[in-house]
Structures are given as structure tokens and as C-alpha cells.
K.L.:
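Dropping a structure here in C-alpha cells format, bear with me for questions.
Residue numbering restarts at 1 for every chain, and letters A, B, ... go by the order of the sequence lines.
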Amino acid sequence: MQHTTGMTTLLHNFSSLVMQTGPRQTFCTSGAMMEIRKLARMKIVDNSRIGREAAVAGRPPRVIHVYKKNSVGYLGDKIMVTVRGQKKRAYIVGCKQFQAPNVPKFDSNNIVLIEDNGQPTGTRIKVPVPSVLRKKKDGEFTKLLSLATRFKGPLWTSE
Amino acid sequence: MATARTFCLKCSLHLFKKGPNVGSIGTNVFMRQSNTLSPRLVDVHRHSKLLDENQTQDKADEILEVPRDFRFVHPEFMPPSLWYRRDKLTEYLERRDMYRRRSVMEIPEFYVGSIMAVTLADEYSPKKNSRFVGICIERRESGLRANFRLRNVVNGQGVEILYEMYNPLLQKIEVLKLEKRLDDQLLYLRDAPYEYSTFSFDLAPVPLPKASSVPVNTLKVKLNPRPWLQRWERAGLQGVEEFEVSEKQRIKAEKATTPWEKYDLMKKYRSGINEYDRGDIIQEFYKQTELNKPKTLKKKPLKQV
């Protein structure tokens, strides 16, 4: 048993050596997609453990599904992401793309993870979320917004 | 292309039955918005002899003394910079609405680089309005579409909001610190450390002595290392510290420059706003603003339903 695990780790190390010979690739060969679609990289902004681990490992979650017919995610839309080898559902709470007038635009694409039963995974949201989200009267979504209780202008936070 | 023409007696204009969106000047054919008339057609009407008698009386009014830098203080009153977007009739109607809005809410003088606070009616806020403070990084468009973009960093997150100046949802526009920067756009703050775009929401307004010119902040921003959102080495930025440019990037940036454009007189004439296009807008502005100065609005308590 020990022998096999040793072999597998060796193989794994070898394959990683083959795959990543130099520093990690800092450029992308495909053009920039200016919207949130499948394989878009997001940023988890709640204080969930899995989000912290993903940030430490430098592996941001990627969108694998947008729960919409046109499969483009906008502010307040529900998506599915892969984090640390797991499928997780999440809500988009901040977008980098251009927004309509009076709607905040953020420097990163922010998401907040939710469990399968609709409860948010974390207990706090670390960055501000726009107040426009409050117009969405979805059962799961109101649970998520109850984490952000303090407001600063058009933005709501947990801090 | 055969176009059926009809002659309208009332407005003495030729109306094209087929392809009304296509106007032509010389050999260039350009697309026009469907709800507008071509400026040339409108001018035919405007220069008709019937109208001249009334116009001469208006022009005889005393000429007000106006500052020379009006174009930069109120750029939204100027016609659009794209010559084919200009339409004197819609511009006039929009300006009329702008004066009406200015008679209700004060829209102060500001520039890119000024620190501003905007209060907006917000039904999702407990106070029913929200106040956002930030630095103006961009100012665009003319007429009723005139807008500006504020940027700030809240809880370690960069936030930007675009406000339309003549949006009736705006309740108040304050200029906390009136100043200019070395550049026309500060979009490079997105690629700069957060310290350069962090401003307190409790910032008190910094008074400026009367009759003093607008100060220029000569702050040089240090950009983050690459990757950037834009190729700033091509933008010719003034308010940025020197950054490293590789040989390849330098050569490509050099190739992308268009130094001959400053000798293109036709382009300069079209992109600029000449005296004919400017017309009597400045005179009109000062007359209108003196007539209807913003009255202090009494706050009525909202009825609870």
C-alpha cells in the first residue's frame, strides 16, 4: 500500500514537473471576454474556509454554469463554480464590466458562495455589495443580503 | 438609387420617402439617427427670410461679459465633438431642458481630478438616498447625456459609479475639493495602488479663495507593475511616474503614434467646435442661468403609506 502511494506521488510530481517547467503562465492566448461566462475566474468575497484556501493556493474559482438561458452572468445572477475540486453554487455580487448609470462597478468579479439548501457558506461579506441587489426578492438571495447589514452610501457591508 | 421626393409646403423641406436615414455631404454618405433631421435641411428652414426679422431683435440685446474658458467649465453645453452627431434642433431642445434642471438643482463647476460627493435617490437605502464620495476620473458626452465617473476604495475594494449630470434622481452634487490633474482622464487609477484613489466619506469641503483660478494638482502616480488594463505607455500620460518599458513595447508604441494628425487641418476643424457651431450658446447660458437661479428647496416630509 505504502509502495503504491509512493509511486503515485512520484508520478504526480513528475507530471507536475512536465506540465509546469517554467514560471506560471501570466498571459492568455484567447481574447478578453468582457462578460461572465463559463470558465470566467471569480473572486470569493465571503469569509468561507474554502474561499480562503482557494485564495491562498492562487487558484480562483471558475464558472462552470450560469443559471440563465443566455448563459451570461450579470449582477445578482446565480452561477455554479468549481473551487478546490468541488462544485459550489454562488451569487454574483459585483461585476468588473461597465454597469448602467448609478450602479457601482467593481475592480473584481465578486461572488458569495451558498450551500445547496440556499444558506450562505460564510458568515460575513468582506467587501461592499451594491444596494441595487436589494430589489431582487429571491428567497435565497435575501438570506445572503442579511449578511451585509451596514451601509455606506449605495454600498452594504458586514464591517 | 431612386428616391421618391415629396415637397412639404409647411416646412419647405424635401422629405425622402426611401432611405430617410441617409444624408449625404459631398461624396461621403453617413448614417443619421432616424429621429433627427439633417443639419443642412434644418438650416434651410432657419435661414428663410420669414424668420430673420425676429432673430435680429434677439441679437440686439446687450452682450454679457463671460469668462473665456466657458468651454472647459461647462463642456456639456457645447455641441457633440463628433461632427456627424450634431443636430442644432435637438441640441437646442436639450439645452432648454438643462436650464430647467439647473433652475432646480445646482450643478457646480468641476473637473477631472476633483473630489466630489453625489447624493442619489435610492429606494433600497434606509434613508431613501445614498451619498457616494470619490474622485472624478472621467467626464464624457454633451447635452442631457453628460456624465461623470467617480472612483473610491471602500473596504479595500475599488468601486466606480457613473452618474448622469441631468438625471432627475440626483439630489445633490457637491464638490469637496475643486482641482485639476495633469491628464484629461484618470482611468489609470485602476492600475495604480489603492492609496491614490482612497477618499474618506466624511471629507469636509475644502474652501477655495474667491477669484482664484482652479489649482492643478501635479501629483505623479506610481502605477502597479504589469499586467495593466490598458497599454498606458501609448497614452502619453503626464501625471504618472516613469515606468519600465521593454524595447518591443517602446517600438510598438512609437509605431502606433500618429504625429501627422496635427497637420490634418480638416480633422482638426471637424473634431473641434468652431465659432459657427458654438453660436450664441455662451450668451444664452448666462442669460438663462441669471433668469432662473436655483431656489432653495423646502424639504417636505414624506408621507408614510
K.L.:
Verify salt bridge (Lys or Arg N to Asp or Glu O under 4.0 Å) between B:D122 and A:R134, making sure each step is shown before the conclusion.
P.N.:
CA-CA 11 Å; B:D122 186 359; A:R134 285 180 185 261; over 6 Å; no

K.L.:
If you count heavy atoms of other groups shown closer than 6.0 angstrom to CG of B:D184, is the number above 12?
P.N.:
no

K.L.:
Please report the shortest heavy-atom distance between B:Y124 and A:V132, naming the atom on each side.
P.N.:
CD1-CA, 4.2 Å

K.L.:
So for atom CD, which belongs to B:E195, do other residues, nucleotides or ligands contribute more than 12 heavy atoms lying within a distance under 6.0 Å?
P.N.:
yes

K.L.:
Might you confirm whether atom NZ of A:K88 has over 12 heavy atoms from other residues, nucleotides or ligands at distances under 6.0 Å?
P.N.:
yes

K.L.:
Is A:K143 atom NZ crowded by more than 12 heavy atoms from other residues, nucleotides or ligands, each under 6.0 Å away?
P.N.:
yes

K.L.:
Testing the basics here: between A:P154 and B:S130, what is the closest heavy-atom pair and its distance to 0.1 Å?
P.N.:
N-CB, 3.5 Å

K.L.:
A side-chain contact here means heavy atoms from C-beta on lying under 4.5 Å apart; do A:K152 and B:N152 qualify?
P.N.:
no

K.L.:
Could you measure the distance from the NZ atom of B:K127 to the CZ atom of A:F151? Nearest 0.5 Å is fine.
P.N.:
5.0 Å

K.L.:
Can you tell me how far apart CZ (A:F98) and CZ (B:R149) are? Round to the nearest 0.5 Å.
P.N.:
5.5 Å

K.L.:
If you count every heavy atom of other residues, nucleotides or ligands that lies below 6.0 Å from A:R62 atom CZ, does the total exceed 12?
P.N.:
yes

K.L.:
Based on non-hydrogen pairs under 4.5 Å, which of A:T157, A:L133, A:V127 is most in contact with chain B?
P.N.:
A:V127

K.L.:
Is chain A contacted by the side chain of B:L169, its backbone, both, or neither, given a heavy-atom distance below 4.5 Å?
P.N.:
side chain

K.L.:
Pick from B:L162, B:L120, B:I161: which one makes a side-chain contact (heavy atoms from CB on, under 4.5 Å) with A:P101?
P.N.:
B:L162

K.L.:
Rounded to the nearest 0.5 Å, what separation is found between the CZ atom of B:R190 and the NZ atom of A:K105?
P.N.:
4.5 Å

K.L.:
Is atom NZ of B:K252 surrounded by more than 12 heavy atoms (other residues, nucleotides or ligands) closer than 6.0 Å?
P.N.:
no

K.L.:
Count the heavy atoms belonging to other residues, nucleotides or ligands that lie under 6.0 Å from CD of B:E244, then report whether that count exceeds 12.
P.N.:
no

K.L.:
Quick check for you: to the nearest 0.5 Å, what is the distance between A:K126 atom NZ and B:Q157 atom CD?
P.N.:
11.0 Å

K.L.:
Heavy-atom cut-off 4.5 Å, strictly under: side chain, backbone, both or neither for B:Y194 against chain A?
P.N.:
side chain

K.L.:
Can you tell me how far apart CG (A:L155) and OG (B:S125) are? Round to the nearest 0.5 Å.
P.N.:
10.5 Å

K.L.:
Verify the neighbour count for atom CZ of B:R145: are there more than 12 heavy atoms of other residues, nucleotides or ligands below 6.0 Å?
P.N.:
yes

K.L.:
Under 4.5 Å heavy-atom distance to chain A, tell me which part of B:F201 shows up: side chain, backbone, both or neither.
P.N.:
side chain

K.L.:
Answer yes or no: is there a side-chain heavy-atom contact under 4.5 Å between B:E164 and A:N102?
P.N.:
no

